Amino acid sequence: MIVVSAASGALGRLVIEQLLTRVPAGEVVAAVRDPGAAADLAARGVQVRRGDYDDPASLREAFGGAGRLLLISSPELDPARRLAQHLAAIDAAGIAGVGALAYTSFLGAGSDGTGVTETHRATEKAILGSGLPYTMLRHPYYSEAFLNPGLRAAVASGELTDATGGRGLNTASRADLAEAAANVLTGDGHLGRGYDFTGPLWTYPQLARTLAEVSGVPVAHREGPDDATGALRWLNGQVRAGALETQTGDLREVLGRPATTLRQAVTAALRPAVTGGA
């Protein structure tokens, strides 16, 4: 039995889809806060169980019989509450007798426990201390946060502006990361490993050129002042400092193929939206 926590979220659903190409639906469990939000999965034969990160008893029941569990990190923004949820899930996994646990951590958490990696580092330490067989899946930022249909505005205006200083971003698509997770959950040789996943490095000047090539419309790149606020301003600073330029071969290794390229991501982002017919 393979259990996926937070299975009704964007990443969780993609993992479920990948698993359904590999194992019978009856061997897949979607653990979700609200089972009603996963009624479509239940209709396809997936076992849907209530598994609320704030309700440890529900987690113990949701994880019951799991040979392998994918613990998708909580979307909770408060670090203290998020860590408490993760610790409850790890404890529940141990009580439920889960055979092996894979955790969606964050790139850098294997060695650093400050800032955005703080909760992930503490969670990884708790997993190591639990004695459960494990695999750490350390994700970079999702490509979809940058390479999305919003790029159509740059094509329409003929200009792409940013404040990253031309430095690289090692983002990866949710689809690639979901496929990698499914490979780990259904394959061998991954226990005790910590994977640092990175996609192909890209820059905004490269993005502008790719937008022009894919759309057939000239798109100029312009480096602008960093007038962003909050998290985006912090992220721009991280990019300018080269903090997102780490590269490894881990994602390609686990996928067994190259990760999605910048051109592929841009092509998908600019593809016309599909609308329902009459």
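Nothing here was measured: the structure is a model prediction, and the numbers come from that model.
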When you measure from the side chain of [X] to the backbone N and O of [Y], does any donor-acceptor pair fall under 3.5 Å?
X	Y	result
R152	R271	yes
R240	A163	yes
E27	P24	no
H86	S74	yes
S58	D52	yes
E179	D176	no
E223	T164	yes
Q18	A178	no
R68	L185	yes
S173	E144	no

[atom2] on [Y] to [atom1] on [X], rounded to 0.5 Å:
X	Y	atom1	atom2	answer
F146	D162	CZ	CG	11.0 Å
L147	R263	CG	CZ	14.0 Å
L244	T203	CG	OG1	13.0 Å
L69	L101	CG	CG	4.5 Å
L70	I2	CG	CD1	10.0 Å
T123	L71	OG1	CG	7.5 Å

Tell me the closest heavy-atom pair linking [X] and [Y], and the distance in Å.
X	Y	value
L211	A154	CD1-CB, 4.2 Å
A38	V48	O-CG2, 3.6 Å
G168	E245	N-OE2, 2.7 Å
P56	A92	O-CB, 4.3 Å
A62	A31	CB-CB, 4.0 Å
A126	L87	CB-CD2, 3.4 Å

Report whether [X] and [Y] are members of the same hydrophobic cluster (ILVMFWY, side-chain heavy atoms less than 4.5 Å apart, transitive linking).
X	Y	result
L20	I72	yes
L11	V184	yes
L132	I95	no
Y103	V116	no

Do the side chains of [Y] and [X] get nearer than 4.5 Å, heavy atoms only?
X	Y	answer
L160	P205	no
R82	L77	no
L137	F197	yes
V46	V29	no
R167	Q238	no
T171	T198	no
E159	T161	yes

Mind running salt bridge (Lys or Arg N to Asp or Glu O under 4.0 Å) on E17 and R22 for me, showing each step along the way?
CA-CA 9 Å; E17 291 297 334; R22 295 163 168 77; over 6 Å; no

Flag for [Y]-[X]: side-chain donor and acceptor within less than 3.5 Å:
X	Y	value
S143	W202	no
S5	Y53	yes
Q47	R49	yes
N170	T246	no

Step-by-step side chain to side chain donor-acceptor pair (under 3.5 Å) determination, H190 to N183:
CA-CA 9 Å; H190 302 289; N183 287 349; over 6 Å; no

Review item, side-chain donor-acceptor pairs of residues 228-236, under 3.5 Å, at least two apart:
unit_1, atom_1, unit_2, atom_2, d
R233, NH1, D226, O, 2.4
R233, NH1, A228, O, 3.3
N236, ND2, D226, OD1, 3.1

Please assess L191 against Y134 for the test side-chain contact (heavy atoms from CB on, under 4.5 Å), listing each intermediate value before the final yes or no.
CA-CA 5 Å; L191 294 182; Y134 69 88; over 6 Å; no

Give the intermediate values and the outcome of side-chain contact (heavy atoms from CB on, under 4.5 Å) for residues Q85 and D54.
CA-CA 6 Å; Q85 291 174 332; D54 290 319; 3.0 Å; yes

Under 4.0 Å between a side-chain nitrogen and a carboxylate oxygen: does that hold for D40 and R13?
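Counted as a salt bridge, because a side-chain N and a carboxylate O are separated by less than 4.0 Å.
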
I'd like to know if R50 and D55 make a salt bridge, using a cut-off of under 4.0 Å between side-chain N and carboxylate O.
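Salt bridge present between R50 and D55.
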
F106 and Y141 aromatic centres sub-6.0 Å:
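Distance test on ring centres: under 6.0 Å, yes.
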
Evaluate the side-chain contact (heavy atoms from CB on, under 4.5 Å) criterion for residues S73 and H120: first the C-alpha distance (whole Å), next the side-chain angles of each, then the deciding distance (0.1 Å), finally the verdict.
CA-CA 8 Å; S73 58; H120 293 287; 3.8 Å; yes

Please step through side-chain contact (heavy atoms from CB on, under 4.5 Å) for the pair L201 and L169, ending with a clear verdict.
CA-CA 5 Å; L201 206 64; L169 292 87; 5.7 Å; no

Testing R138, E124, H139, R121 one by one against S105 for a side-chain hydrogen bond (donor to acceptor under 3.5 Å, both in side chains), which residue passes?
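Filter result, single survivor: E124.
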
